[in-house]
Each structure stands twice: as structure tokens, then as C-alpha cells.
Amino acid sequence: MGETQGNGEWPLPAFYFSVSISGCAGDTAFQEVSGLEFRIDTEEYFEGGNNLVYHLPKSIKNSNLTLKRAVTDKTSKLLTWCLGILDDQFSKPIPTKSVSINLLNENGVTCKSWTASNAYPVKLKMEPFNSTKNDIAIEEIEICFNHLKRNL
């Protein structure tokens, strides 16, 4: 079994989480969040005479966040933000936001937290409709960002 450490049972389950996006109060119910990752790209450097290969750090790359939820109506502030960028067609600067993802314990207390800064949507997609399944309609929002920070 897991250990008890201050905020609840460990290891934490992945199904109890919350998402908050600055300026989008009320748009917090998501079915799935993915893309909490970064990687360091490397460049190979070959040392002559010794047949050694060094991997030198080159740049840090973030994945995009993908948020999935049930389709909402047009009054959603998150959807308004996404559609506003599409409607403006880059005629003015894209408004960026901060996205926080919180992993919660059984009492709803944040145990782990990540913040993606300077975020904006790059993709809005409807999951496929299928007449042979009894699923709810899901929209997927992909968000790119400049920096991912683990807070806790």
C-alpha cells in the first residue's frame, strides 16, 4: 500500500485533478489532460582519435498541452478565447494565459501542481462522431506554451 505523507495517500491517483486557466473562470471540468512533459534536445559531438561520442545539451522543448472535455456552449470563456484568436486571423497580438494543472488528494487538496506560462491555443478539434457508440461529444483543445514549471 501507499504511504501517508501530509496531504494524503501516496502514490496519488491520476483521476482526481483540476485545471484552471487565467481569465477563464468556470472552465475547469476536463476529462483528460496530457502533455506535461519537456525534453532536452542534444547534439552529438565526436571526439577525434578516441572514438567517443558526447551528447551536448542543445535546447529545451515542451510538448503541447491537450485538454479534453465535453462539448460546451459558446458562452464558455475558454472557447471564446480560442475562437477569438481564430476570428482575428493574427490581425492583433495573440492574448496569452497561464494554465495550472493540479493533482489532488482524496480531500481535494493540491498535492502536485504545474503551471504552463504564455500559453495560447493552437488547435481546436471535435472527437469523431460515431453512430454505433453511446459516448458524449468531446472537444479537444491543444495549447502551446513557453515554459512549464512544477510548483509542488
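Hydrogens, waters and symmetry mates are skipped; everything else that's a heavy atom, side chains included, is used.
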So Asn102 and Ser18, side chain to side chain contact (heavy atoms under 4.5 Å, CB included) or not? Walk me through it. CA-CA 5 Å; Asn102 304 302; Ser18 68; 3.3 Å; yes
Is it the case that over 12 heavy atoms from other parts of the model lie below 6.0 angstrom from the CG atom of Asn134? no
Should we count OH of Tyr120 as having more than 12 external heavy atoms under 6.0 Å? no
Side-chain polar contacts of residues 55-66 - donor-acceptor pairs under 3.5 angstrom, sequence neighbours left out - could you list them?
| unit_1 | atom_1 | unit_2 | atom_2 | d |
| --- | --- | --- | --- | --- |
| Lys61 | NZ | Asp41 | OD2 | 3.2 |
| Asn62 | ND2 | Asn146 | O | 3.1 |
| Ser63 | OG | Glu37 | OE2 | 3.1 |
| Asn64 | ND2 | Glu142 | OE2 | 2.8 |

Going only through I, L, V, M, F, W and Y residues with side-chain contacts under 4.5 Å, is there a path from [X] to [Y]?
| X | Y | value |
| --- | --- | --- |
| Leu12 | Phe30 | yes |
| Leu152 | Val19 | no |
| Val99 | Ile85 | yes |
| Val71 | Leu79 | no |
| Phe38 | Ile101 | no |

At their closest point, which heavy atom of [X] faces which heavy atom of [Y], and how far apart are they?
| X | Y | value |
| --- | --- | --- |
| Pro13 | Leu103 | O-CD1, 3.4 Å |
| Ile136 | Ala70 | CD1-CB, 3.9 Å |
| Val33 | Phe17 | CG2-CE1, 3.5 Å |
| Ile141 | Pro121 | CG2-CB, 4.4 Å |

Let me see the working for Thr96 and Phe145 under side chain to side chain contact (heavy atoms under 4.5 Å, CB included), right down to the final yes or no. CA-CA 9 Å; Thr96 62; Phe145 56 92; over 6 Å; no
Nearest-0.5 Å distance that lies between atom CG in Asn118 and atom NZ in Lys97: 12.0 Å
Those residues that, when tested against Gln89, pass side-chain contact (heavy atoms from CB on, under 4.5 Å) (two or more places apart): none
Between Asn107 (side chain only) and Val109 (backbone N and O only), is there a donor and an acceptor less than 3.5 Å apart? no
Has Trp81 got a side-chain atom pairing as donor or acceptor with Pro95's backbone, closer than 3.5 angstrom? yes
Could I get the full list of side-chain hydrogen bond (donor to acceptor under 3.5 Å, both in side chains) partners for Tyr45, not counting sequence neighbours? none
Evaluate the side-chain proximity of Leu104 to Thr110: yes if any heavy-atom separation is below 4.5 Å, no if none is. yes
Return the set of residues passing salt bridge (Lys or Arg N to Asp or Glu O under 4.0 Å) with Lys92 (not counting sequence neighbours), or none when no residue passes. Asp88
Pairs of donor and acceptor atoms involving the side chains of residues 20-27, under 3.5 Å and at least two apart or interchain, shall be tabulated with distances.
| unit_1 | atom_1 | unit_2 | atom_2 | d |
| --- | --- | --- | --- | --- |
| Ser22 | OG | Ser98 | N | 3.0 |
| Asp27 | OD1 | Arg69 | NH1 | 3.1 |
| Asp27 | OD1 | Ser76 | OG | 3.1 |
| Asp27 | OD2 | Ser76 | OG | 3.0 |
| Asp27 | OD2 | Lys77 | N | 3.1 |
| Asp27 | OD2 | Leu78 | N | 2.7 |

Atom pairs and distances, side-chain donor-acceptor, residues 123-132, under 3.5 Å, sequence neighbours left out:
| unit_1 | atom_1 | unit_2 | atom_2 | d |
| --- | --- | --- | --- | --- |
| Asn130 | OD1 | Thr132 | N | 2.9 |
| Asn130 | OD1 | Thr132 | OG1 | 2.6 |

